[in-house]
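Report on the following structure.
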Amino acid sequence: MHKIVKIILVVLGVIGAVLWFQLPSSDVPASEAVDSGAMNFMFIITYLLLAIAVLFSLVFSLVALFSNPQSLKRTLIVVVGFLVVVGIAYGISSGTDVNIDEMARRGVATTESTVKLIGMGLNVFFLLTIIAVGAMLWGGLRKMTK
């Protein structure tokens with residue numbers, strides 16, 4: 001399996017090198033360079049490699065997660081805790097933080113639900129920051145008392 005991956009990577013590297021030399025020169029207008037087949041194929045290879053990397057990362061993470069019941073339990077606790085933080089942040093955010101009519105006059109089309117979701121995102125950030133700082137302080141205090 002390791003040899004197959006190395007062979008595939010070498011082949012993709014050679015294809016990338018060939019395509020690199022087929023890219024349009026810098027004096028070609030951008031409107032024509034965008035239609036370059038070599039550039040489009042390089043993007044396709046990039047997206048393909050990115051999809052493969054994401055797929056393998058997810059698969060190996062999930063296999064490792066489900067192979068150990070203790071880590072699965074910890075992960076579920078963290079996910080539920082995050083959902084609780086999101087719920088609290090949504091509950092304390094209001095959709096009336098900005099004047100929607102004023103935003104519309106400035107050309108920003110928005111609704112009260114959009115403002116509420118933005119407020120929720122900010123509140124999630126603030127709450128998670130407070131939790132992280134609190135965890136660091138708690139860990140430091142525990143170390144100092146031992």
Apart from Leu83 itself, which Ile, Leu, Val, Met, Phe, Trp or Tyr residues share its cluster (side-chain heavy atoms under 4.5 Å, direct or through members)?
->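 So far as hydrophobic clustering goes, Leu83 is joined with Val79.
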How is the hydrophobic cluster of Leu72 composed, in terms of its other members, when Ile, Leu, Val, Met, Phe, Trp and Tyr link through side-chain heavy atoms under 4.5 Å apart, directly or indirectly?
->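 Leu72 shares its hydrophobic cluster with Leu62, Leu65, Phe66, Leu76.
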Same hydrophobic cluster for [X] and [Y], using side-chain heavy-atom links shorter than 4.5 Å among ILVMFWY?
X      : Y     : value
Ile15  : Val18 : no
Leu117 : Val86 : yes
Phe126 : Val84 : no

Given the rule in the side chain to side chain contact (heavy atoms under 4.5 Å, CB included) test, do Tyr90 and Val124 qualify, once you have shown the distances and angles that lead to the verdict?
-> CA-CA 8 Å; Tyr90 187 77; Val124 166; over 6 Å; no
Under 3.5 Å, which donor-acceptor pairs do the side chains of residues 129-143 form with other protein atoms, sequence neighbours left out?
unit_1 : atom_1 : unit_2 : atom_2 : d
Thr129 : OG1    : Phe125 : O      : 2.7

Determine whether Leu9 and Lys6 make a side-chain contact, defined as any pair of heavy atoms from C-beta on separated by less than 4.5 Å.
->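 SC-SC contact between Leu9 and Lys6 ruled out.
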Rounded distance [0.5 Å steps], CG in Leu127 versus CG in Leu122 |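 The distance works out to 11.0 Å.
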Pick one: which of Ile4, Val10, Val11 meets side chain to side chain contact (heavy atoms under 4.5 Å, CB included) with Ile8?
->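 Looking at Ile4, Val10, Val11, the match for Ile8 under the side chain to side chain contact (heavy atoms under 4.5 Å, CB included) is Ile4.
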Can you list, pair by pair, the side-chain donor-acceptor contacts under 3.5 Å of residues 39-54, counting residues two or more places apart and other chains?
unit_1 : atom_1 : unit_2 : atom_2 : d
Asn40  : ND2    : Ser36  : O      : 3.4
Thr46  : OG1    : Met42  : O      : 2.8

Between Gly119 and Ser93, which heavy-atom pair has the shortest distance, and what is it?
->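 Looking at all heavy atoms of both residues, the closest pair is C-CB, 3.8 Å.
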Can you list every pair that meets side-chain hydrogen bond (donor to acceptor under 3.5 Å, both in side chains) and has a residue in residues 105-121, with sequence neighbours left out?
->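 Pairs touching residues 105-121 that pass the test: Glu102-Arg105, Glu102-Arg106, Thr111-Ser113, Thr111-Thr114.
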Sequence neighbours excluded - side-chain hydrogen bond (donor to acceptor under 3.5 Å, both in side chains) pairs with any residue from residues 66-87 |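 Matches after skipping sequence neighbours: none remain.
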Got a sec, which residues hit side-chain contact (heavy atoms from CB on, under 4.5 Å) with Pro69, two or more places apart in sequence or on another chain?
->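 With sequence neighbours excluded, Pro69 shows a side-chain contact (heavy atoms from CB on, under 4.5 Å) to no residue whatsoever.
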